[in-house]
Amino acid sequence: MAHLRKKLAADIVALQRAVCDFASGGVLHRGWNQGQRRMALQEMGLSAEGEVRGPLSSHDIVLVTGIVFLAMLFVPLTMRRFVDPEPLSLNLRVLVMVPIIYALAIVLAVYPKSVWAFATRRPGERRPVAAYAVSGALAAVAAFFVSLLFRYAFETPGNLLQVLSTPGTFARAWHLTVERWPWLLMSFFATIAIAWAADDHVATDRPPPSWLRPAEAAVLAGVFMLLQWTVVEVFGYILPPQRAAAMLANLPRMLLTSALIGATIGWYVPHLCRTHGSRRMGGGIARAGPAGHGLSGGLVRAACAASGAGSHPPRRAGRPARR
């Protein structure tokens, strides 16, 4: 009986592969592109779920546009420092530096989830809070060096060669960056908030509720406003009274800016993380079959598997598998 059972299982697997290869050949002959092949599968009563590579989405276009904008803004500023001895104005430095710091915070909040096992939240597990703290610390360190670079290269009078050759310039930039340590607290906790939101509703197979995305945008907007208010209050204790009063006068504008940045990040980043995560969990279908039919062979095999023809027959409950 054991020999017959093994032979029957092998015959079933061979039959399934033969049927899938036969259907794959017909689909390849019928369809010239991915859409036509999927239509042929549907006409045969089969279905295959998988990720299909399409054109750039609106999110990808915005991302590319933002990268090009930063490159076109940062490169001319760098080249300007080689010939112009005038330092950049504060508003212009902030306009370039702040987006770079927030971009680093997003990357360091999301990227570790795909490369570090301890930073990934899986179904049935708690949130990786320690990984959030590591991401926040890395973001704070990155923000420190970005701020140091801008103060060293763009705040000191003289062109870039004069700045590099002036004694004490780097020490002054380092001292000023250390004095502005409350901004690093904002980078630290903002990165933690982004990483926390990116793990919302990833430990379940159910689709996210419709209210989750607006709620994440509202919560991150509130968190960023709270962090901005806290930073300004801390600066009120460590800065000279005149500078602290000037910063306090700009608090409404800073709170509004922080709210807009937090809402934008909360609207897009967690949603994109869930979308790409669900695609990865769904699995790929572009695996070539034994007959070498490539993508269409994988489609038909996935469709056959979805239609109930498994690659192994079900075992009886309570009987261990024999080797």
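Each residue takes its place number in the sequence, starting with 1. This one's a predicted model, so the numbers in the text were calculated from it and none came from an experiment.
Annotation for Ala119 and Lys113: closest pair O-CG, 3.6 Å, computed over non-hydrogen atoms. Taking all atoms of both residues into account, the shortest heavy-atom contact from Ser258 to Met186 is OG-CE, 3.9 Å. Looking at every heavy atom in both residues, Ile194 comes nearest to Leu220 through N-CD2, 4.4 Å. Here the closest heavy-atom approach between residue Ala197 and residue Pro270 is recorded as O-CB, 3.4 Å. Heavy atoms only, all atoms of each residue included: Ser147 and Ile101 are closest at OG-CD1, 4.0 Å.
Residues in residues 228-254 take part in these ring-ring contact (aromatic ring centres under 6.0 Å, His included) pairs, two or more places apart or across chains: Trp183-Phe235.
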* Could you give me the CA-CA distance, side-chain angles and deciding distance for Thr230 and Phe189, then say whether side-chain contact (heavy atoms from CB on, under 4.5 Å) is met? => CA-CA 11 Å; Thr230 303; Phe189 287 108; over 6 Å; no

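We find the OG1-CZ distance between Thr177 and Phe170 to be 8.5 Å, quoted to the nearest 0.5 Å. Here the CD1-OH distance, from Ile261 to Tyr102, works out to 4.5 Å after rounding to the nearest 0.5 Å. Between Leu255 atom CG and Leu260 atom CG the span is 11.0 Å, to the nearest 0.5 Å. Here the CZ atom belonging to Arg151 is positioned 6.0 Å from the CG atom belonging to Leu176, to the nearest 0.5 angstrom. Rounding to the nearest 0.5 angstrom, the gap separating the CE atom in Met247 from the CG atom in Leu239 is 5.5 Å. One finds the CG atom of Leu248 at 10.0 Å from the CE atom of Met254 (value rounded to the nearest 0.5 Å).
Under the ring pair (Phe, Tyr, Trp, His ring centres under 6.0 Å) criterion, Trp267 pairs with no residue at all, not counting sequence neighbours. Every residue two or more places apart in sequence or in another chain that forms a side chain to side chain donor-acceptor pair (under 3.5 Å) with Glu179 is listed here: His175. Under the side chain to side chain donor-acceptor pair (under 3.5 Å) criterion, Arg243 pairs with no residue at all, not counting sequence neighbours.
Both Trp181 and Leu227 are members of a single hydrophobic cluster when ILVMFWY side chains are connected at heavy-atom separations under 4.5 Å. Under the 4.5 Å side-chain contact rule for hydrophobic residues, Leu251 and Ile238 share a cluster. In the hydrophobic clustering of ILVMFWY residues, with side-chain heavy atoms under 4.5 Å counting as a link, Val98 and Ile106 come out together. The cluster map of Ile, Leu, Val, Met, Phe, Trp and Tyr, joined by side-chain heavy atoms under 4.5 Å apart, puts Trp196 and Leu212 in different clusters.
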What side-chain donor-acceptor pairs closer than 3.5 Å can you find for residues 129-145, not counting sequence neighbours?
from, atom 1, to, atom 2, distance (Å)
Tyr132, OH, Asp199, OD2, 2.5
Ser135, OG, Leu108, O, 2.9
Ser135, OG, Ala131, O, 3.2

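Counting Ile, Leu, Val, Met, Phe, Trp and Tyr side chains that sit under 4.5 Å apart, directly or through other members, Leu4 stands alone, with no cluster partners.
A salt bridge links Lys7 with Asp11: the distance from a Lys NZ or Arg NE/NH1/NH2 to an Asp or Glu carboxylate oxygen falls below 4.0 Å.
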